[in-house]
Student: 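Right, I'll just put the structure down here and ask away after.
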Amino acid sequence: MTLTSGLPSADPPEQRAAPDSVDSEVCDADRGVKTANLLNQISASTDPLEQDRLREEVVVLNMSVARAIAQRYARRGIAADDLVQVAYVGLVKAVNGFDPSHERDFLSYAVPTITGEVKRYFRDFGWTVRPPRRIQELQGQISRTSADLAHQLGRSARPSEVAASLGVDVESVIEALAVDGAFTPASLDVPVGEEGSASLGDLIGGEDHDLMRAETRLMLGPVVRRLGARDRRILELRFFEGWTQEQIARDIGVTQMQVSRLLARILSDLRAELS
């Protein structure tokens, strides 16, 4: 299986070590040396199949790095397995995009690439309630700036201080801070009260049908009053008295088919008025 078509196969060939055995038998220094040798072989080879095989070995050798990066973002509302798979995708991209001629360590290129892939996944799929993109980006900047200011000040930074450091207004900072829990919303089963005898869900009321009916009357009243006398009569008989179309037809002196068409037109007019 080639790397350009996806991740390495779940069962690598027998001549290569499986990911778990690689992690246990190869120290970081040895991994770095082996990775550099494999990348140099890829650069020197002109055989596409051989290059793909060598790239797959580099991926297998460095899968523990991808897993470690994924673990940094665990317990934030996205399944750990999904994060690991995304990190593997970033690792594959790093292997495919790395140029040994730049004379830099592979991990100095791979770690930002993998981290960026995981962050993009959070940006696109991690929000339970998706705020505007500018708020998402500002929230990330606030998180980093708050940590730096806390280190400098020896205390938590105020929103005004964060805003001044970022060069934005305080209102924007407060708005972005409000989405801080959008990754992991509170469970409705969270205990509340002094003794925790109730849950958060118990405090959320159900549908208030009386209120819904009152709202409907308020919305429909002015619209219905603008209808002609016959149209109002048809609505009253059909929806308040429960008459059939045949009964309505006899009452107003038209055919049942005409009543059907009149009802369709009246309801269409009402929807147009309310939209």
Student: Looking at every non-hydrogen atom in both residues, tell me the closest pair between Leu166 and Ile142 and how far apart they are.
Tutor: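 In this case the closest contact between Leu166 and Ile142 is CD1-CG1, 3.7 Å.
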Student: Do Val89 and Tyr121 pass the side-chain contact (heavy atoms from CB on, under 4.5 Å) test, and can you show the C-alpha distance, the side-chain angles, and the key distance before you say yes or no?
Tutor: CA-CA 11 Å; Val89 170; Tyr121 188 83; over 6 Å; no
Student: Who passes side chain to side chain contact (heavy atoms under 4.5 Å, CB included) against Ser260, sequence neighbours left out?
Tutor: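 Partners of Ser260 under the side chain to side chain contact (heavy atoms under 4.5 Å, CB included) test: Gln245.
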Student: By the definition side-chain hydrogen bond (donor to acceptor under 3.5 Å, both in side chains), identify the one residue from Glu117, Arg67, Lys93 that meets it with Tyr88.
Tutor: Arg67
Student: Checking Tyr109 now: which residues fulfil side chain to side chain contact (heavy atoms under 4.5 Å, CB included) with it, not counting sequence neighbours?
Tutor: Ala94, Phe98, Arg104, Thr113
Student: Under a 3.5 Å distance rule, please check whether Asn62 uses its side chain to pair with a backbone N or O of Val58 as donor and acceptor.
Tutor: yes
Student: With sequence neighbours left out, which residue pairs that include part of residues 258-267 fulfil the salt bridge (Lys or Arg N to Asp or Glu O under 4.0 Å) condition?
Tutor: Asp231-Arg265, Arg265-Asp269
Student: If you round to the nearest 0.5 Å, how far is CD1 of Ile266 from CZ of Arg232?
Tutor: 11.0 Å
Student: Check side chain to side chain contact (heavy atoms under 4.5 Å, CB included) between Asp81 and all other residues, then give those that pass, not counting sequence neighbours.
Tutor: none
Student: Is a side-chain donor or acceptor of Ser268 paired with a backbone partner of Ala264 at a separation under 3.5 angstrom?
Tutor: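 No, Ser268 side chain to Ala264 backbone: no donor-acceptor pair under 3.5 Å.
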Student: Restricting to non-hydrogen atoms, name the atom on Ser172 and the atom on Leu138 that form the minimum distance, rounded to 0.1 Å.
Tutor: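 Of all heavy-atom pairs spanning Ser172 and Leu138, the closest is O-CD2, 3.5 Å.
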Student: Could you tabulate the donor-acceptor pairs under 3.5 Å formed by side-chain atoms of residues 37-46, not counting sequence neighbours?
Tutor:
from	atom 1	to	atom 2	distance (Å)
Asn37	ND2	Val33	O	3.4
Asn40	ND2	Ala36	O	3.1
Ser45	OG	Asp47	N	3.2

Student: State whether Arg53 and Glu56 are salt-bridged, where the test is any N-O pair (Lys NZ or Arg NE/NH1/NH2 against Asp/Glu carboxylate O) under 4.0 Å.
Tutor: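 Judged by the 4.0 Å cut-off on N to carboxylate O distance, Arg53 and Glu56 do not form a salt bridge.
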Student: Nearest 0.5 angstrom please: Gln258 CD to Ile252 CD1, how far?
Tutor: 8.0 Å
Student: Of all residues at least two apart in sequence or in a different chain, which pass the side chain to side chain contact (heavy atoms under 4.5 Å, CB included) check with Arg155?
Tutor: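 By the side chain to side chain contact (heavy atoms under 4.5 Å, CB included) rule, Arg155 matches Leu153, Arg158, Glu161.
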